[in-house]
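So that the names make sense, note that chain A is the first sequence line, chain B the second, and so on, each numbered from 1. Side chains are part of it too, since the values below use all heavy atoms of this structure and drop only hydrogens, waters and symmetry mates. Fair warning: this is a prediction, and the values are worked out from it, not measured in the lab.
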2 protein chains.
Amino acid sequence: MFEIFRKYLGDKTTLSNQDYALIESLCIIKKLRKNQYILQSGDVWKYDAFVCRGLLKMYYLDVKGQEHIMQFAPENYWTGDRESMDTDLPSKYNIDAIEPSDILLIEKNDFEMLRKTIPEFNNFVNQTIKKNVQTLQGRIHTSITLSSEEKYNNFLKQFPDIASRVPLHMIASYIGISAETLSRIRSQSAKK
Amino acid sequence: MFEIFRKYLGDKTTLSNQDYALIESLCIIKKLRKNQYILQSGDVWKYDAFVCRGLLKMYYLDVKGQEHIMQFAPENYWTGDRESMDTDLPSKYNIDAIEPSDILLIEKNDFEMLRKTIPEFNNFVNQTIKKNVQTLQGRIHTSITLSSEEKYNNFLKQFPDIASRVPLHMIASYIGISAETLSRIRSQSAKK
DNA sequence: ACTACATCTTGACAAATGTCAAGATTTTTT
DNA sequence: AAAAAATCTTGACATTTGTCAAGATGTAGT
């Protein structure tokens with residue numbers, strides 16, 4: 001299981017076997033059943049989580065019981081509520097497995113230690129954070145500039161893989177419209 | 001003018017006079033008239049920009065000529081299109097001064113050099129990036145969970161100062177609704 | 001194989017929002 | 001001070017979207 005993470009890191013860095021050994025020693029392996037959660041709102045999040053296999057979602061549950069999906073995390077992606085982790089405040093969000101998943105957790109302090117100990121790991125993390133900022137900025141851009149139909153098409157373009165793995169109501173939740181509206185947009189588009 | 005930046009840094013760090021001297025030597029001072037731009041879409045952005053005085057906006061101009069505001073940057077805030085800077089690709093955005101403003105520009109390479117040379121400056125930048133990620137995540141959260149009225153009230157709570165300095169249609173643009181709808185939301189709220 | 005549950009679509013209607021236009025008010029420029 | 005421009009509100013109407021409900025289809029668990 002660590003092999004997957006190792007391969008991922010190998011693509012982006014040139015770490016030594018010693019580095020890998022250190023990293024592996026700090027990884028907590030977790031196997032998740034479908035629908036199993038790793039974060040519940042109200043709890044403080046303390047890890048960096050890497051998805052080796054499967055698919056998770058981070059979402060907000062509003063007072064009406066409606067789910068608002070902040071992020072999908074498929075294999076080779078990171079997840080976790082950075083806000084809660086950085087502030088030590090209870091999270092607003094839930095994270096759970098949409099599919100049976102294998103994940104690696106690295107405890108906050110261990111992760112910081114790795115960044116300080118392995119310069120190249122630190123560079124890699126900085127790169128990842130930069131990409132994350134770009135992704136977030138891009139999502140804000142689409143949310144204020146695109147129509148619902150455009151948001152859906154954009155989602156398909158951006159995440160074709162995820163689109164084929166999750167039910168439509170989750171896509172609707174991610175782009176911020178109701179499931180019924182999405183259904184109608186799809187049938188409209190099909191007519192053209 | 002550098003004094004303002006120095007005071008800002010002094011609040012968040014404990015840098016030496018030598019550090020400040022190095023930083024100052026790399027700062028490009030720019031005075032902006034109202035409506036003057038510092039970034040036009042199509043250009044590549046290459047700086048980190050700190051606002052000493054005034055107020056800027058970063059926005060996207062769609063095909064219909066409509067403005068979609070991604071960010072307001074008042075004094076003591078940073079602005080710039082990080083995506084363009086990190087990728088060296090042309091920016092989608094424009095940045096210009098809403099009020100007469102004084103800003104400091106630090107060239108991308110110089111900024112990286114400062115991070116490598118002054119560890120405490122680097123820590124401070126990392127903190128700033130973390131906060132930025134939190135802000136972006138928060139904005140996505142509000143954009144998919146709140147109604148238009150709630151988005152407006154949230155804006156007032158989050159940015160009371162900016163709310164009193166910009167015209168309503170810019171707030172509408174920022175939260176992603178039309179100026180007319182915002183006007184109606186306000187008159188509705190006033191009745192209560 | 002059967003049952004229970006989730007998913008997806010569709011209809012009907014209400015509510016929210018956008019668009020276009022006009023006019024009042026305020027601010028800025030000359 | 002006068003003219004020009006920007007801001008804000010409001011009306012009328014079309015369009016989009018949400019909500020509730022029903023039913024069809026597909027999927028998962030026992």
**Message:** I want to know whether B:H141 and A:Y93 have ring centres closer than 6.0 Å.
**Reply:** yes

**Request:** Would you confirm whether the ring centroid of A:Y174 sits within less than 6.0 angstrom of the ring centroid of A:F155?
**Result:** yes

**Item:** pair B:T13-B:F121: side-chain heavy atoms closer than 4.5 Å
**Value:** no

**Item:** Whole angstrom value for the distance that separates P of D:dT15 from CD of A:Q188
**Value:** 12 Å

**Request:** Could you check A:F111, A:W78, A:F2, A:Y77 and say which one makes a ring pair (Phe, Tyr, Trp, His ring centres under 6.0 Å) with A:F50?
**Result:** A:W78

What nitrogen or oxygen pairs link the protein and nucleotides 12-22 of chain C at under 3.5 Å?
from   : atom 1 : to     : atom 2 : distance (Å)
C:dA12 : N6     : A:R184 : NH2    : 3.1
C:dT17 : OP1    : B:S148 : OG     : 2.7
C:dG18 : OP2    : B:S178 : N      : 3.0
C:dG18 : OP2    : B:S178 : OG     : 3.0
C:dG18 : OP2    : B:T181 : OG1    : 2.7
C:dT19 : O4     : B:R184 : NH1    : 3.4
C:dC20 : N4     : B:E180 : OE2    : 3.3

**Fill in**
Rounded to 10°, the angle between the first-five-pair and last-five-pair axes of the helix from C:dA1-D:dT30 to C:dT30-D:dA1 is 60°

**Asked** Any chance the side chains of B:D96 and B:Q40 put a donor and an acceptor closer than 3.5 Å?
**Response** no

**Prompt:** Are there more than 12 heavy atoms of other residues, nucleotides or ligands under 6.0 Å from atom NZ of A:K92?
**Reply:** yes

**Prompt:** Which of residues 152-172 of chain B have a heavy atom under 4.0 Å from DNA chain D?
**Reply:** B:P167, B:L168, B:H169

**Request:** Keeping the roles fixed (side chain from B:R139, backbone from B:M70), state whether a donor-acceptor pair exists under 3.5 Å.
**Result:** yes

**Asked** OP1 or OP2 of C:dT9 sitting under 4.0 Å from any side-chain N/O of A:R186?
**Response** yes

**Message:** Under 4.0 Å between a side-chain nitrogen and a carboxylate oxygen: does that hold for A:K7 and A:D11?
**Reply:** no

**Salt-bridge present (B:K130, A:E83; N to O < 4.0 Å)** = no

**Message:** Tell me which one of A:R82, A:R115, A:K108 satisfies salt bridge (charged side-chain N to carboxylate O under 4.0 Å, His left out) with A:D48.
**Reply:** A:R82

**Prompt:** If you round to the nearest 0.5 Å, how far is CG of A:L56 from CD1 of A:I95?
**Reply:** 7.5 Å

**Prompt:** Can you name the residues that form a salt bridge (Lys or Arg N to Asp or Glu O under 4.0 Å) with B:E107, not counting sequence neighbours?
**Reply:** none

**Asked** Apart from B:L146 itself, what residues make up its hydrophobic cluster when side-chain heavy atoms of I, L, V, M, F, W and Y under 4.5 Å apart count as a link, directly or indirectly?
**Response** none

Detail all sub-3.5 Å separations between protein N/O atoms and N/O atoms belonging to nucleotides 23-28 of chain C.
none

